[in-house]
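Since the structure comes first, as structure tokens, the remarks are kept for the end.
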Amino acid sequence: MVTNNPWIWLAAFLTLACYTFPFGDNPVYRFVEHVFVGTSAGYMVTANWFNWIKPNLAEIGNGRYLLIVPFVIGILIYARYIKPIAWVSRIAIAFNLGVASGFILAKDIKPLFITQVIATFQPLDDINNILLVFGVITSLIYFLFTVEHKGAVGVAAQAGRWVMLIALGAAFGSTVMARVSLFLGRVQFLLSEWLFIVK
Amino acid sequence: MGLIRPGLVASFVLELAFAAAVLTLIGRARRGQPVPAIRRVVGLDAIDEAIGRATEMGAPVHFAPGIGAIDNAQTLAALSILSHVARMCAKYDTRLIQTNRNNVVYSIAEETIKQAYVDAGKPAGFNPDDVRFISEDQFGYASGCIGIMAREKVRANILVGAFWAESLIFAEVGAQVGSIQIAGTANTHQIPFFIAACDYALLGEEIYAASAYLSREPILVGCLIGQDWAKMIGVLLILAGAVLATFGNYDLGRLLNE
Amino acid sequence: MPNVDRRIIYIVMIAAVVYAFVNPMGLPVTISDYTRTAHAAIEALPAGAVLVLGMDFSPGGIPELEPAAKAIFYQCMCNDVKVVMIGMWVMAGDMGERVLDEMAPLFPAKVYGVDFVNIGFKPGNGLLLERAADNIIEAAVDVDHRGLALSAMPLFEQFRSLREAAFWVCLSTGNPGVSDWIKVIGDPLGIPGTTDVVSVSIPENMPFVQSGQLTGIIQGMRGAAEYELLVDRPGRATAGMDAQSLAHVVILVFIVLGNVAYLTRKTRA
Amino acid sequence: MRKVLPLGITFVSGIIVVLANFLAPAWFVAANREISLWFQIVAALFCALGVANLTRIHSKRLARHSEGWFFSIVLFVSMFGFMIIAFSVGQQDDLYRNLYNNTIVPLNATMYSVLVFYIASAAYRAFRVRTLEATILLITAAIVMLGKAPIGEAVFGSWVVDATNWILDIPNVAGMRGIQLGATLGGLAMALRVLVGIERTHFGGTGE
């Protein structure tokens, strides 16, 4: 019992072809690798076109002529392929990075710094709270680079390093689940949609 | 203070102070005025040691700057560490193989290495074929790199920059071929693999400190000191806030939320 | 056995996972407080409220995130909560369609454009959310993933901006992702929300749960399995739990064997 | 001109976004709204950079008949083939949906899933108790792995789950928060450098 849907056969072939790689580089893998790179790059263009560029061009057609400016700025990025005028692509990069950096300066400080500091204002009447507060403090101290890690600072920094190692151990353990999940998803596909072995 | 949006007053004031401190410190460092010294990060000694060992064995050193683009702060840090590594390699006539995933980073890395060889007085030692662009594709890059590590018998493997899932592939293959490995990244989810599989791991922000220490670049030094001061203020705030909270007082939190 | 061929390791891994799929053990999955908190918050939404699903992933995130997206969609439809899907990732629209392909037919009375809509991908990362918090139709240039006009849909007569959302859930693989939702929607606008993150990102998002910036958290495939059980509709995540168990055991065994080999060699040398 | 114009654009566009967030005046907010829309358009127009880069690299490879040129043809066929189909039928057609769901989805998902093999072989080869630090890391990781997979609880009892949750809630929150507070400051400093124009490395590769 296998599917007779040719599309599923195609997906199954591509899936299995990827799995030849861990056993050694080979032409079949290189083939699907290039299909992957090619279709992904093509997808970037089509998705942006349908969901964003096309409707905005329509807006210009409806009389929002100011939008021509960002269209021109955006297209300048491709000047980097034309040697004599390569520098004008900097305009596009400059605008893009300007807004992106402005956004970081505007949005990060409150939720990612101040709110996090406030959330650490825990009453020191409970062992877990004490561990949390001193865990944060010592790991911050570990990352002080203008102070030599000697004496009390050295002790605190060492404690901070240990706290971070535990956090990183948790990240390690969680990553195993993430990687296995990716593989499970493909096995589920092969066994249920292609081979009908499992429902 | 009707001008500033409610809820963001404290944030705005703190951010302005931070910006002022960083810019002042950069300015001072640029003019050569005294600024606080940056301590040496432990992993740096390991870099020199690894290059030394590769030299003794007559084997090449491999350097990967991560897979981030050039607007990633980690990539910038990696490039200034690369400059140091290249100078060391030039000095000892050790072959340096440097691999890239990003086109722009590739061209800047090539310039960086060339300059390092000139600085070391050995411009003829620079081999452009050893600075390689492998592939824009993440796994294409990873598979190309591990091929080089195995074929060229790399004995020192330095991985510094923004790494994602490929960190494990590099570290595992590097361990397999018997390289001394020094790795560093600020991508938290990849640090554990570097700690587990490499001989020395630079943890998170240590890569920035390492680059500032080695390059003495005023921009990097100024930024790092400014960040240090902000962290100290963070420590003091947390300490004060927690002590106040112990006595049932939450005013500091309210003030910061103004 | 210091020099096991790595291909043997791979085959053991494949065998373990396939075996667990074909012969499920049915190990019980206990539900964590993190998942319960998220589920309860969504369960408490009144009928007619709008929940926004941030579809910030690509096919690599499907095994961990899609089951939770489906379960949340199912829960919302059962409770007459409206669902708006939007995404900062380029594949968001097609990820949304995959959810609708399976779930929409279960609710024949629910209508696209009235009860749910898939706006799909729009560029701009966090700035997209910021503009959508201002005016969602403008932020989407009045077009959804299917090429239909948002302004013609009844759903958007009431729901004009993300400010009016009752709850948000970001299905997050990385960057852009849940941190943008916290920075732009959750923290400044005070709209509660939660996330389903791929397992790699669980630890780095826990500080936001502790600070209350996230209302609970759905932790990767395990969290999705728990969520499926909470809405009483076991699906792919639940089905994968036994294979997860076996794969974890295999990896732990490899770690132990590797270390035994290492320590033996060290004591001999 | 070549230097000042880009730096000026970066500064003006960035400062509007920053100030509109903190300050209330209406015209700031209006300017910010327009700039955000422009940003979305500019960012979307970068979408063909991948296609442009690949076309450049692979047409060179083809022209030189260098090693693997056949794969360059495969790349061109799949890249332009996908675009031609998508542009001619649109995103809702069955052909497009089938093509997407059965090429891009399996390829994207499977490419990453290959990592499971590396983590398995690294578990055997690389994850060793070489140092005290590696040992702490491995022990924590082992507990979390057991706590996340149902079998851990079935075999060892509920303490594994409790221990995992405690690790995630207390030391993990503390350590991650420490790392993130530092990283946030690093991000702010970097953004500041770009905004005021003292960081220019990102202009590399655009000629001098």
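Please read all numbers here as calculations on a predicted model, not as lab measurements. A, B, ... follow the sequence lines: proteins, then strands. Residue 1 opens every chain.
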**OP:** Determine the option with the most heavy-atom pairs under 4.5 angstrom with chain A, choosing from L75(D), N98(D), V144(D).
**Re:** N98(D)
**OP:** Please work out which of the three classes, parallel, tilted or perpendicular, describes the rings of F82(D) and Y43(A), given edges at 30° and 60°.
**Re:** tilted
**OP:** Identify which of W49(A), F103(A), F189(A), F143(A) forms the greatest number of heavy-atom pairs closer than 4.5 Å to chain D.
**Re:** W49(A)
Original post:
Checking Y118(D) against chain A: side chain, backbone, both or neither under 4.5 Å from a heavy atom?
Top reply: side chain
Original post:
Side chain, backbone, both or neither: which part of F11(D) has an atom under 4.5 Å from a heavy atom of chain A?
Top reply: neither
Original post:
Of the backbone (N, CA, C, O) and the side chain (C-beta and beyond), which part of I139(D) lies under 4.5 Å from a heavy atom of chain A, both, or neither?
Top reply: neither
**OP:** May I have the step-by-step check of side chain to side chain contact (heavy atoms under 4.5 Å, CB included) for V45(A) and F87(D), ending in yes or no?
**Re:** CA-CA 10 Å; V45(A) 175; F87(D) 280 130; 4.0 Å; yes
**OP:** Please look at Y29(A) and chain D and tell me whether the side chain, the backbone, both or neither of the residue comes under 4.5 angstrom of a heavy atom of that chain.
**Re:** side chain
Subject >> L66(A) portion near chain D, given a 4.5 angstrom heavy-atom threshold >> reply: both
Original post:
Who among M190(D), M176(D), Q180(D) has the most heavy-atom pairs with chain A under 4.5 Å?
Top reply: M176(D)
Original post:
Checking heavy atoms, do the side chain of N56(A), its backbone, both or neither come under 4.5 Å from chain D?
Top reply: side chain
Subject >> Minimal non-hydrogen separation, P22(A) against V114(D), with atom names >> reply: CG-CG1, 3.6 Å
**OP:** Identify which part of L54(D) has an atom lying under 4.5 Å from any heavy atom of chain A, answering side chain, backbone, both or neither.
**Re:** side chain
Subject >> Region of N108(D) that comes under 4.5 Å of a non-hydrogen atom in chain A >> reply: both
**OP:** Please look at T138(A) and chain D and tell me whether the side chain, the backbone, both or neither of the residue comes under 4.5 angstrom of a heavy atom of that chain.
**Re:** neither
**OP:** Identify the heavy atoms of L137(D) and G169(A) that sit nearest to each other, and give their distance.
**Re:** CD1-N, 3.5 Å
**OP:** Counting only heavy atoms closer than 4.5 Å, note whether L49(D) contacts chain A via side chain, backbone, both or neither.
**Re:** both
Subject >> Residue T184(D) versus chain A: region with a heavy atom under 4.5 Å >> reply: side chain
Subject >> Under 3.5 Å side-chain donor-acceptor pair for N101(D) and W7(A) >> reply: no
Original post:
chain A heavy atoms under 4.5 Å from L168(D): which part of the residue, side chain, backbone, both or neither?
Top reply: side chain
Original post:
For L5(D), is it the side chain, the backbone, both or neither that has a heavy atom under 4.5 Å from a heavy atom of chain A?
Top reply: side chain
Subject >> Interface moiety of R30(A) toward chain D, non-hydrogen atoms closer than 4.5 Å >> reply: both
**OP:** Please round to the nearest 0.5 Å and tell me the distance separating atom CG of N96(A) and atom CZ of F39(D).
**Re:** 4.5 Å
**OP:** Test side chain to side chain contact (heavy atoms under 4.5 Å, CB included) on I41(D) and W52(A) and set out the steps.
**Re:** CA-CA 8 Å; I41(D) 293 176; W52(A) 192 253; 3.6 Å; yes
Subject >> Contact class of I136(D) relative to chain A, heavy atoms under 4.5 angstrom >> reply: side chain
Original post:
Between R64(A) and L37(D), does a side chain to side chain contact (heavy atoms under 4.5 Å, CB included) hold up when you go through it step by step?
Top reply: CA-CA 12 Å; R64(A) 285 184 71 178; L37(D) 170 60; 3.4 Å; yes
Subject >> Residue part contacting chain D, namely of V69(A), when any heavy atom lies under 4.5 Å >> reply: side chain
Original post:
Relative to chain D, which segment of F95(A) carries a heavy atom at a distance below 4.5 Å: side chain, backbone, both, or neither?
Top reply: both
Subject >> Heavy-atom closest contact (L132(A) atom, A174(D) atom, distance) >> reply: O-CB, 3.7 Å
Original post:
So, does S101(A) use its side chain to make a donor-acceptor pair with the main chain of L195(D) at under 3.5 Å?
Top reply: no
Original post:
Could you go step by step and tell me if N102(D) and W9(A) meet the side-chain hydrogen bond (donor to acceptor under 3.5 Å, both in side chains) rule?
Top reply: CA-CA 9 Å; N102(D) 296 298; W9(A) 276 91; over 6 Å; no
Original post:
Checking A12(A) against chain D: side chain, backbone, both or neither under 4.5 Å from a heavy atom?
Top reply: neither
Subject >> Per-residue contact mode, R56(D) against chain A (heavy atom under 4.5 angstrom) >> reply: side chain
Original post:
side-chain contact (heavy atoms from CB on, under 4.5 Å) with H34(A): which of F76(D), F70(D), F71(D)?
Top reply: F71(D)
Original post:
Judged by atom type as modelled, is there a donor-acceptor pair below 3.5 Å linking the side chain of Y142(A) to the main-chain atoms of I179(D)?
Top reply: no
Subject >> Part of I104(A) within contact of chain D (heavy atom distance under 4.5 Å) >> reply: both
**OP:** Indicate the ring-plane relationship of F183(A) and F117(D), choosing parallel, tilted or perpendicular according to the 30° and 60° boundaries.
**Re:** perpendicular
**OP:** With a 4.5 angstrom heavy-atom cut-off, could you sort out which part of F134(A) is near chain D: side chain, backbone, both or neither?
**Re:** neither
Subject >> Contacting moiety of F36(A), where chain D heavy atoms sit under 4.5 Å >> reply: both
Subject >> Atom of V51(D), atom of G42(A) and distance for their closest heavy-atom approach >> reply: CG2-N, 4.3 Å
**OP:** Indicate whether the side chain of Y19(A) and that of S113(D) have a donor and an acceptor atom separated by less than 3.5 Å.
**Re:** yes
**OP:** Identify which part of I8(A) has an atom lying under 4.5 Å from any heavy atom of chain D, answering side chain, backbone, both or neither.
**Re:** both
**OP:** Tell me, yes or no, whether the heavy-atom count around F31(A) atom CZ, taken from other residues, nucleotides or ligands under 6.0 Å, exceeds 12.
**Re:** no
